[in-house]
Chemist: 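Take a look at the following structure, please.
Atoms within each ligand, like the ligands themselves, are counted from 1 in listed order. Residue indices begin at 1 and follow the sequence shown.
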Amino acid sequence: MTSPTPPETIAEARTRILSEIGESVTLVAASKRQPEARIEEALAARQRVFGENRVQEAQARWSERKEQVEGLELRLIGPLQTNKAEEAVALFDVIETLDREKLLKALVKAVEKTGAAPPDLFIQVNTGNEPQKGGVSVEDLPDLSREAREQWPGAVRGLMCIPPAEEPAGPHFALLKKLADRHGLSQVSMGMSGDYALAARLGATHVRVGTALFGAREA
Ligand SMILES: *Cc1c(COP(=O)(O)O)cnc(C)c1O
């Protein structure tokens with residue numbers, strides 16, 4: 001009788017994913033709804049860049065660790081309400097989901113008020129024009145990008161997208177990369193568990209991987 005292959009550990013999955021994406025791409029560990037033991041396992045495997053979807057969940061998980069873990073980088077990859085802007089700038093190094101002028105203004109104000117280090121920003125683009133999804137439309141991207149440059153020079157570093165689940169991701173990734181080039185932005189956050197290798201080939205600088213790294217999320 002052959003014994004079943006033991007499941008991959010987080011350290012093994014991380015090594016495999018890193019080899020698939022190559023050295024120039026950053027693995028963002030999408031840690032929403034993952035148990036604490038797995039976060040510890042990822043940290044022990046030297047993972048330092050984490051993406052979180054919700055400000056409150058991220059605060060509970062990272063506020064203390066932020067002081068203790070060397071080299072930690074926290075990225076907000078979920079939608080942000082303007083009334084959470086102060087908490088967000090206090091915790092996150094990077095906010096990937098800027099998608100409207102009102103949020104830009106709230107972030108500028110939050111940094112002024114709290115004296116927090118200004119986060120780097122990515123503009124989320126709704127490449128599939130999905131009504132329920134966050135992100136600025138492709139048509140409105142130039143205005144938002146210009147506005148951000150004026151109000152906060154240097155803050156916007158890249159673009160981010162989440163393609164429609166039911167469509168092939170390739171064309172969305174190619175479009176996002178093209179838009180980033182057009183706007184002179186060098187960083188591109190795209191690709192999740194099912195398509196991070198494709199995203200890396202199409203120019204991602206950051207892939208956001210949850211289940212392929214950690215295993216299935218808690219309900
Ligand atoms: C959850 C999430 C991910 C990771 O999803 P997986 O399919 O588990 O890799 C990436 N990006 C965003 C914005 C997410 O919400």
Side-chain angles (χ1 to χ4, degrees), residues 7-10 12-21 25-36 38-39 41-42 45 47-62 73-81 84 88 91-100 103 119-136 157-170 172-173 175-177 180 187-219:
E8 215 179 18
T9 65
I10 289 172
E12 286 163 350
R14 180 173 180 273
T15 302
R16 177 178 52 78
I17 294 166
L18 289 176
S19 76
E20 288 170 314
I21 60 180
V25 181
T26 299
L27 171 61
V28 179
S31 38
K32 63 169 179 263
R33 303 201 324 268
Q34 292 290 349
E36 283 296 294
R38 293 189 191 160
I39 305 301
E41 226 182 303
Q47 179 66 29
R48 286 296 178 272
V49 184
F50 291 84
E52 288 283 351
N53 284 67
R54 289 167 173 274
V55 174
Q56 262 174 325
E57 186 184 354
Q59 279 177 323
R61 171 166 288 158
W62 296 110
E73 179 178 299
L74 299 179
R75 308 174 68 96
L76 180 65
I77 62 174
L80 179 59
Q81 305 299 320
K84 296 265 169 58
L91 186 65
F92 290 102
D93 302 290
V94 183
I95 292 173
E96 293 201 12
T97 50
L98 174 64
D99 63 357
R100 58 203 191 278
L103 179 58
D120 284 346
L121 303 176
F122 281 43
I123 296 177
Q124 182 179 355
V125 185
N126 188 354
T127 57
N129 276 317
E130 293 173 283
Q132 80 286 6
K133 196 168 270 178
V136 68
R157 312 299 293 272
L159 300 182
M160 177 270 214
C161 78
I162 309 170
E166 66 284 359
E167 287 179 28
H172 294 273
F173 293 162
L175 172 61
L176 194 71
K177 169 70 172 131
Q187 301 187 39
V188 184
S189 171
M190 58 190 190
M192 318 202 306
S193 285
D195 49 26
Y196 59 81
L198 174 65
R201 282 200 298 280
L202 293 176
T205 58
H206 295 76
V207 294
R208 311 175 308 267
V209 182
T211 50
L213 176 66
F214 291 108
R217 284 182 277 277
E218 293 180 318

Chemist: Tell me which protein heavy atom sits closest to atom 6 (P) of ligand 1, plus the residue, atom name and distance to 0.1 Å.
Modeler: S193 OG, 3.4 Å
Chemist: Are any side-chain N or O atoms of S193 and backbone N or O atoms of V209, one a donor and one an acceptor, separated by less than 3.5 Å?
Modeler: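 Not confirmed, S193 side chain does not pair with V209 backbone.
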Chemist: Of all the non-hydrogen atoms in the protein, which one sits nearest to atom 11 (N) of ligand 1, and at what distance?
Modeler: R208 NE, 2.9 Å
Chemist: With heavy-atom distances below 4.0 Å as the criterion, list the atoms of ligand 1 near A30.
Modeler: 3 (C), 4 (C)
Chemist: Would you mind listing which atoms of ligand 1 come within a distance below 4.0 Å of any non-hydrogen atom of V209?
Modeler: 9 (O)
Chemist: In terms of residue, atom name and distance, what is the protein heavy atom nearest to atom 14 (C) of ligand 1?
Modeler: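 The closest heavy atom on the protein side is K32 NZ, 3.0 Å.
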Chemist: When you measure from the centre of the six-membered ring of F122, is the NZ or CZ of R75 under 6.0 Å away and within 45° of the axis?
Modeler: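 Yes, a cation-pi geometry holds between R75 and F122.
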Chemist: One residue to check: L213. Relative to ligand 1, which of side chain, backbone, both or neither has a non-hydrogen atom less than 4.0 Å away?
Modeler: neither
Chemist: Kindly determine whether R54 and E57 satisfy salt bridge (Lys or Arg N to Asp or Glu O under 4.0 Å), including the steps that lead there.
Modeler: CA-CA 5 Å; R54 289 167 173 274; E57 186 184 354; 5.2 Å; no
Chemist: For N53, take its heavy atoms, then give the atoms of ligand 1 lying under 4.0 Å from any of them.
Modeler: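 That gives atoms 14 (C), 15 (O) of ligand 1.
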Chemist: Using a strict threshold of under 4.0 Å (side-chain N to carboxylate O), is an ion pair present between R61 and E36?
Modeler: yes
Chemist: Any non-hydrogen atom of R217 lying under 4.0 Å from ligand 1?
Modeler: yes
Chemist: Could an N or O of ligand 1 be found under 3.5 Å from any N or O of M160, whether backbone or side chain?
Modeler: no
Chemist: Does a side-chain N-to-carboxylate-O contact under 4.0 Å join E8 and R16?
Modeler: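 Salt bridge between E8 and R16, a charged N being under 4.0 Å from a carboxylate O: yes.
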Chemist: Which residue and atom name correspond to the protein heavy atom nearest atom 10 (C) of ligand 1, and how close is it?
Modeler: M192 SD, 3.1 Å
Chemist: Please report which non-hydrogen protein atom sits nearest to atom 13 (C) of ligand 1, along with the residue it belongs to and the distance in Å to one decimal place.
Modeler: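 Looking only at protein heavy atoms, the one closest to atom 13 (C) of ligand 1 is I77 O, 3.3 Å.
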Chemist: Could you check whether E218 pairs with R33 (Lys NZ or Arg NE/NH1/NH2 to Asp/Glu carboxylate O, under 4.0 Å)?
Modeler: no
Chemist: For the residue pair T127 and H172, confirm or rule out a side-chain donor-acceptor distance under 3.5 Å.
Modeler: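 Checked: T127/H172 side chains pair up, N/O donor to acceptor below 3.5 Å.
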Chemist: Regarding R217 and T211, do their side chains bring together a donor and an acceptor under 3.5 Å, going by distance alone?
Modeler: no
Chemist: Quick one: which ligand 1 atoms are inside 4.0 Å of a heavy atom on I162?
Modeler: 13 (C)
